[in-house]
Amino acid sequence: MIEFKNVTKRYGDKLAVDNVSFRINEGEIFVLIGPSGSGKTTTLKMINRLIPLSEGYIYFKEEPISNYEVYEMRRDMGYVLQQIALFPHMTISENIAQVPQMENWSDEDINKRIDELLEMVGLDPETYKDRKPSELSGGQQQRIGVLRALAADPPVILMDEPFSALDPITRENFQNDLLELQNKINKTIVFVTHDIAEAMKLADRLCLFNEGQVEQIGLPEEFIESPASSFVEQFIGKVNQDLNLTAGELVAELSVAETESEYPVVKEQADITEIFRLLSNNEAVLVETESGPKKLSRSQVFGYLADKRGVTS
Ligand code: ADP
Ligand code: MG
């Protein structure tokens, strides 16, 4: 769907992105992760031509992006920013309607689309359509930011740390919403974050940046089972060596609910590697304990490990 071939971006003699190649598949959530200043935003903005590249090629649907008009890129690629970027003087409807209007949709189609989108994220259209952004909570405004990117039904969504300004609980809700939404809409999503827990939770595949270069690309479990470098190990937190945790110890650390659902079951003695392997394909595992099965969710475990080592940027 999107391919980078030896892409470099220079600012003066500063290499912001350094000879990067990768391919993003249709329908996947591809997460660009890395420390602050490692080149994630620059990479994302080169995709929709907000930033011109210095060397190399980027292809969209097998064609160089230079073959597309800039307005076509904007139409085909919804864009969600970290900071809420709604127009304050416009209503929620007007904010959502921007791209469809540019595309000359009929008023009737636009109205239908607005209702459909608001309903999709559980906001009652009659209540919210005519409000101004300031009459919504921060979380609701960011939700509208996501809807605006989806409005004209683009095949690609680019998201640059869209949830990082939100408090941890709202943030977790958004992550769950995004995964749920993706089940319905099945877009190609390029998602930038510096938070390893968020990346592990959302990614179909991860691409880890370090100083403008790609350190490793692959499935979340590949980062854990076979980190490509010591930088990768460090970034994901050297879970295997540093934290000799068993499932039982995690249960003792984290508050867990008993549940009857169909998650894979592990023994209390199971080590962290086994738990990771299971969590890369399942939302949770059940740990057998004397007092019955206890659930450990993926976000709990990764959130815990990230907190533990202060891995936030
Ligand atoms: P990230 O999103 O991973 O935090 P960026 O892509 O924003 O990183 O930046 C990568 C590098 O390029 C950083 O060192 C940053 O300072 C530099 N950079 C980004 N934008 C500019 C610019 N407009 N002019 C000069 N340097 C820039
Ligand atoms: Mg950035």
Side-chain angles (χ1 to χ4, degrees), residues 2 4 6-22 24 28-47 50-51 53-54 56 58 79-83 158-168 171-172 174-175 178 189-243 272 276 280 298-299 301-313:
I2 297 165
F4 275 56
N6 306 106
V7 173
T8 290
K9 175 66 191 179
R10 275 196 197 85
Y11 291 106
D13 21 336
K14 161 100 197 154
L15 274 170
V17 173
D18 182 6
N19 193 25
V20 158
S21 302
F22 57 78
I24 301 172
E28 77 175 335
I29 301 184
F30 191 80
V31 174
L32 306 177
I33 177 142
S36 176
S38 58
K40 306 181 296 294
T41 294
T42 306
T43 300
L44 194 72
K45 285 183 169 172
M46 286 191 290
I47 298 176
L50 279 176
I51 293 180
L53 49 81
S54 306
I58 302 176
Y79 188 45
V80 188
L81 295 160
Q82 173 179 354
Q83 65 278 28
L158 309 176
M159 304 179 96
D160 195 352
E161 312 228 13
F163 308 148
S164 58
L166 304 170
D167 66 82
R171 187 171 188 172
E172 179 140 10
F174 267 81
Q175 293 164 352
L178 180 66
I189 298 178
V190 190
F191 190 103
V192 167
T193 181
H194 62 256
D195 175 351
I196 185 72
E198 179 165 83
M200 288 286 181
K201 175 166 177 170
L202 296 179
D204 290 310
R205 288 190 307 141
L206 292 163
C207 176
L208 176 58
F209 276 78
N210 177 28
E211 297 187 350
Q213 297 184 335
V214 172
E215 288 275 340
Q216 186 163 353
I217 299 177
L219 304 169
E221 60 264 40
E222 288 171 346
F223 278 68
I224 290 148
E225 287 172 23
S226 42
S229 66
S230 58
F231 176 84
V232 179
E233 274 186 0
Q234 236 164 15
F235 197 83
I236 63 167
K238 281 194 188 165
V239 278
N240 308 357
Q241 299 97 313
D242 290 0
L243 283 163
I272 190 86
F276 273 132
S280 59
R298 181 193 299 168
S299 55
V301 172
F302 283 112
Y304 170 78
L305 293 172
D307 287 347
K308 195 94 184 145
R309 266 164 285 95
V311 183
T312 50
S313 64

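In what follows, every heavy atom counts, from backbone to side chain, and hydrogens, waters and symmetry copies are set aside. This one's a predicted model, so the numbers in the text were calculated from it and none came from an experiment.
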*Pairwise distance CG(Leu44) to CG(Leu32) - rounded to 0.5 angstrom*: 6.5 Å
*Is a donor on one side and an acceptor on the other found under 3.5 Å between the side chain of Lys40 and the backbone of Phe209?*
no
_If you define the side chain from C-beta out and look only at heavy atoms, does anything of Thr42 sit under 4.5 Å from Tyr11?_
yes
_Whether Arg10 side chain and Leu15 backbone form a donor-acceptor pair below 3.5 Å_ = no
*Evaluate the ring pair (Phe, Tyr, Trp, His ring centres under 6.0 Å) criterion for residues Phe163 and Phe191: first the C-alpha distance (whole Å), next the side-chain angles of each, then the deciding distance (0.1 Å), finally the verdict.*
CA-CA 10 Å; Phe163 308 148; Phe191 190 103; 5.7 Å; yes
_From Leu208 atom CG to Ile217 atom CD1, the distance as rounded to the nearest 0.5 Å_ = 10.0 Å
_Can you confirm whether Asn19 sits close enough to Gln213 that some side-chain heavy atom of one is under 4.5 Å from a side-chain heavy atom of the other?_
no
*asked:* With a 4.5 Å cut-off on side-chain heavy atoms, are Ile24 and Val190 touching?
replied: yes
_For a 4.5 angstrom cut-off between non-hydrogen side-chain atoms, does Met200 reach Phe276?_
no
*Are Arg171 and Asp195 within salt-bridge range, i.e. N to O under 4.0 Å?*
yes
*Answer with yes or no after comparing the ring centroid distance for Phe22 and Phe30 against a 6.0 Å cut-off, counting only values under it.*
yes
*Indicate yes or no: at least one non-hydrogen side-chain atom of Phe4 is less than 4.5 angstrom from one of Ile47.*
yes
_For the OG1 atom of Thr41 and the CG atom of Leu81, what is their distance to the nearest 0.5 Å?_
9.5 Å
*About how many Å separate OG of Ser164 and CZ of Phe174, when rounded to the nearest 0.5 Å?*
12.0 Å
_Atom pair OH/CG of Tyr79 and Leu158 - distance to nearest 0.5 Å_ = 7.5 Å
_Ignoring hydrogens, what is the shortest heavy-atom contact between Pro220 and Leu206? Give both atom names and the distance._
CA-CD1, 3.9 Å
*Quick one: do Asp18 and Thr8 satisfy side chain to side chain donor-acceptor pair (under 3.5 Å)? Show the steps, please.*
CA-CA 5 Å; Asp18 182 6; Thr8 290; 4.6 Å; no
*Do Leu202 and Gln175 come within less than 4.5 Å of each other through their side chains, counting heavy atoms only?*
yes
_Interatomic distance, Ser226 atom OG to Glu233 atom CD [nearest 0.5 angstrom]_ = 10.5 Å
*Looking only at heavy atoms, what is the nearest atom pair of Val192 and Pro162, with distance?*
O-CD, 4.1 Å
_Are the side chains of Val20 and Lys9 in contact, using a 4.5 Å heavy-atom criterion?_
no
_Pair Ile33, His194 - check side-chain contact (heavy atoms from CB on, under 4.5 Å), show working._
CA-CA 5 Å; Ile33 177 142; His194 62 256; 5.7 Å; no
*State, to 0.1 Å, how close Ala203 and Val31 come at their nearest heavy-atom pair, and which atoms those are.*
CB-CG2, 3.5 Å
*asked:* Glu211: which residues meet the side-chain hydrogen bond (donor to acceptor under 3.5 Å, both in side chains) condition with it, sequence neighbours left out?
replied: none
_Criterion side-chain contact (heavy atoms from CB on, under 4.5 Å) on Glu28 and Arg205, from CA distance to verdict_ = CA-CA 8 Å; Glu28 77 175 335; Arg205 288 190 307 141; 2.8 Å; yes
*What residues, two or more places apart in sequence or in another chain, satisfy side-chain hydrogen bond (donor to acceptor under 3.5 Å, both in side chains) together with Gln216?*
none
*Taking side chain as C-beta onward, heavy atoms only, is Pro35 less than 4.5 Å from Phe235?*
yes
_With side chain to side chain donor-acceptor pair (under 3.5 Å) as the criterion, how do Thr193 and Glu198 come out once you've worked through the C-alpha distance, each side chain's angles and the decisive distance to 0.1 Å?_
CA-CA 7 Å; Thr193 181; Glu198 179 165 83; 2.8 Å; yes
*Who pairs with Glu215 by salt bridge (charged side-chain N to carboxylate O under 4.0 Å, His left out), at least two apart in sequence or on another chain?*
none
_Considering all heavy atoms, the nearest Ser21-Asn6 contact_ = OG-N, 2.8 Å
